[in-house]
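Heads up, the thing below is written out as structure tokens.
We name chains A, B, ... by the order of the sequence lines, and we start the count at 1 in each one.
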Number of protein chains: 2
Amino acid sequence: MKKLTQSLEDYLEAIYVISLTSKVIRVKEIAKFLNVKTPSVVDAVGRLTERGLVIHEKYGYLELTGKGYELAKEVNDKHEKVYKFFNEVLGVSDNISKKDACNIEHYISKEAMDRMIKFTRFVDTCPEGYPEWLKNFNYYAKHGRHPSNCTKNNVSK
Amino acid sequence: MKKLTQSLEDYLEAIYVISLTSKVIRVKEIAKFLNVKTPSVVDAVGRLTERGLVIHEKYGYLELTGKGYELAKEVNDKHEKVYKFFNEVLGVSDNISKKDACNIEHYISKEAMDRMIKFTRFVDTCPEGYPEWLKNFNYYAKHGRHPSNCTKNNVSK
DNA sequence: GTTTATAGTTAGATAAATCTAACATTTTTA
DNA sequence: TAAAAATGTTAGATTTATCTAACTATAAAC
């Protein structure tokens with residue numbers, strides 16, 4: 001099946017995210033979540049319905065189909081993972097990480113995503129806790145030079 | 001002035017990149033570079049001209065204005081930097097890094113860009129050469145576990 | 001220097017994504 | 001339960017970005 005547009009992915013993800021905390025899903029909620037007007041939502045939901053990703057009872061509630069749920073979860077997973085990488089590894093602020101993740105999630109390749117996920121996990125599972133080299137990076141980012149203890153702590157032979 | 005769309009940024013960047021290796025710039029070149037048809041280029045160039053970023057003699061050559069050049073360079077710089085980060089730090093393959101950079105360049109925030117640039121430089125200027133921890137990451141990415149020498153080499157106290 | 005080939009342009013179509021304004025349905029409430 | 005409020009839908013407009021087909025201008029070749 002043809003790939004979803006960025007916009008449709010956003011709508012699908014919004015429905016998914018809303019469903020995590022809300023019992024029912026309405027057009028108005030989606031509009032609020034995405035900062036668009038309700039006719040835009042109706043339009044998008046129509047297109048998602050055509051593709052069998054959403055079920056929408058007229059004037060009533062919305063639901064993801066199985067396929068819709070899976071796709072939505074996939075998109076949202078990417079979002080979460082890009083966010084984590086930006087925030088935890090690169091040290092980008094919370095808000096900006098979220099915003100960037102929201103855009104990038106639609107475009108990043110499987111391969112890059114995989115490396116980001118692994119990188120984040122590499123940091124998170126570091127045997128020594130928060131890795132020394134990442135401390136050193138933060139120092140470098142702040143001061144523009146490697147800390148004096150850098151060589152010592154990282155030399156391998 | 002209003003932000004350029006992704007598409008217009010692509011056209012502008014294309015013109016810039018072509019100008020690096022080609023004496024003159026033509027509609028056809030741009031079309032080839034971006035894999036679109038010439039009417040699309042004419043249209044886009046028209047919009048770039050309206051914004052004072054490009055000069056186009058009818059049936060003739062194209063040129064970037066000063067402002068256009070600056071903007072194009074900015075966009076292309078982002079491209080280069082995202083590419084480098086993905087390729088050199090994350091270890092994403094050449095081709096995919098390029099493709100991803102091409103998309104992401106339009107969306108990434110100044111802050112995240114800044115951190116990526118610094119991260120790449122942090123790696124490149126590492127006093128010990130290619131850093132041990134990055135070798136460890138590559139090991140981790142390949143085998144799914146930290147190398148046995150990991151703790152030793154990175155412990156700080 | 002005409003003809004032919006190449007390149008560029010215009011016109012008109014289509015699709016996505018948004019909006020406002022008007023209308024319809026449901027739900028709430030007095 | 002009838003009026004009012006809230007929510008949802010439709011219709012129609014706008015912008016961007018593409019395309020194809022038809023036309024026009026410039027360059028090349030003979």
Side-chain angles (χ1 to χ4, degrees), chain A residues 1-15 18-19 22-64 68 71-72 75 99 102-103 105-107, chain B residues 1-15 18-19 22-64 68 71-72 75 99 102-103 105-107:
Chain A
M1 190 194 244
K2 222 183 130 204
K3 229 174 134 270
L4 290 181
T5 60
Q6 155 159 218
S7 170
L8 287 189
E9 276 190 4
D10 280 333
Y11 282 101
L12 197 66
E13 190 184 11
I15 295 169
I18 292 166
S19 79
S22 185
K23 186 79 198 185
V24 296
I25 303 159
R26 317 216 58 139
V27 166
K28 208 203 172 186
E29 288 273 309
I30 301 169
K32 192 172 147 204
F33 189 93
L34 291 176
N35 254 299
V36 295
K37 304 297 179 183
T38 53
S40 307
V41 176
V42 172
D43 198 276
V45 164
R47 258 175 291 129
L48 291 174
T49 301
E50 274 171 25
R51 287 163 179 265
L53 302 172
V54 158
I55 293 166
H56 183 203
E57 197 171 349
K58 232 185 174 186
Y59 290 102
Y61 301 141
L62 282 128
E63 235 185 314
L64 290 169
L71 235 177
V75 174
K99 238 180 270 177
C102 195
N103 289 317
E105 65 185 3
H106 305 294
Y107 297 109
Chain B
M1 187 193 245
K2 221 182 131 203
K3 228 174 136 272
L4 289 182
T5 60
Q6 156 160 217
S7 171
L8 287 188
E9 277 190 4
D10 281 334
Y11 282 102
L12 197 67
E13 191 184 11
I15 295 169
I18 291 166
S19 79
S22 185
K23 186 80 198 185
V24 297
I25 303 158
R26 316 216 58 140
V27 165
K28 208 203 172 187
E29 288 275 308
I30 302 170
K32 192 173 147 203
F33 188 94
L34 291 176
N35 254 298
V36 296
K37 304 297 179 185
T38 53
S40 307
V41 175
V42 173
D43 198 279
V45 165
R47 259 176 289 129
L48 291 174
T49 302
E50 275 172 24
R51 287 162 181 266
L53 302 172
V54 158
I55 292 166
H56 183 204
E57 196 171 349
K58 232 184 175 188
Y59 290 102
Y61 302 141
L62 281 128
E63 236 187 312
L64 290 170
L71 235 176
V75 173
K99 236 179 274 176
C102 195
N103 290 317
E105 65 185 2
H106 306 294
Y107 297 110

task = Choose from dG8(C), dT18(D), dG8(D) the nucleotide whose nearest atom is closest to any side-chain atom of V27(A).
result = dG8(D)
ask   = Reckon V41(A) touches a base, only the sugar-phosphate, or nothing at all at heavy-atom distances under 4.0 Å?
value = nothing
inquiry  = From the set dC19(C), dT16(D), dT18(D), return the single nucleotide nearest to any side-chain atom of Y11(B).
reply    = dT18(D)
inquiry  = For N103(A) and H106(B), which I'm curious about, is there any donor-acceptor pair between the side chains at under 3.5 Å?
reply    = no
key: Separation of atom CG in L4(B) from atom P in dT16(D), rounded to whole Å   = 11 Å
request  = To the nearest Å, give me how far apart CG (D43(A)) and P (dA16(C)) are.
outcome  = 9 Å
query = Q6(B) CD to dT18(D) P: how many Å, rounded?
reply = 9 Å
ask   = Of all the nucleotides listed (dT7(D), dT26(D), dA17(D)), which has the minimum atom distance to the side chain of K28(A)?
value = dT7(D)
key: Atom-to-atom span, OH of Y59(B) to C1' of dA25(D) - whole angstrom   = 5 Å
request  = Would you classify T38(B) as touching base, sugar-phosphate or nothing, given that sugar-phosphate means primed atoms plus P, OP1 and OP2, and contacts are heavy atoms under 4.0 Å?
outcome  = base
message = So, OP1 or OP2 of dT9(C): does either fall under 4.0 Å of a side-chain N or O from H56(B)?
response = yes
ask   = Base, sugar-phosphate, or nothing for T5(B), non-hydrogen atoms under 4.0 angstrom?
value = sugar-phosphate
note = Rounded to whole Å, the CG-C1' distance (L48(B) to dT16(D)) equals 13 Å
Atom-to-atom span, NZ of K37(B) to C1' of dT18(D) - whole angstrom = 11 Å
query = Side chain of P39(B): nearest nucleotide among dA17(C), dT18(D), dA21(D)?
reply = dA21(D)
query = Just how far, in rounded Å, is C1' of dA16(C) from NE2 of H106(A)?
reply = 15 Å
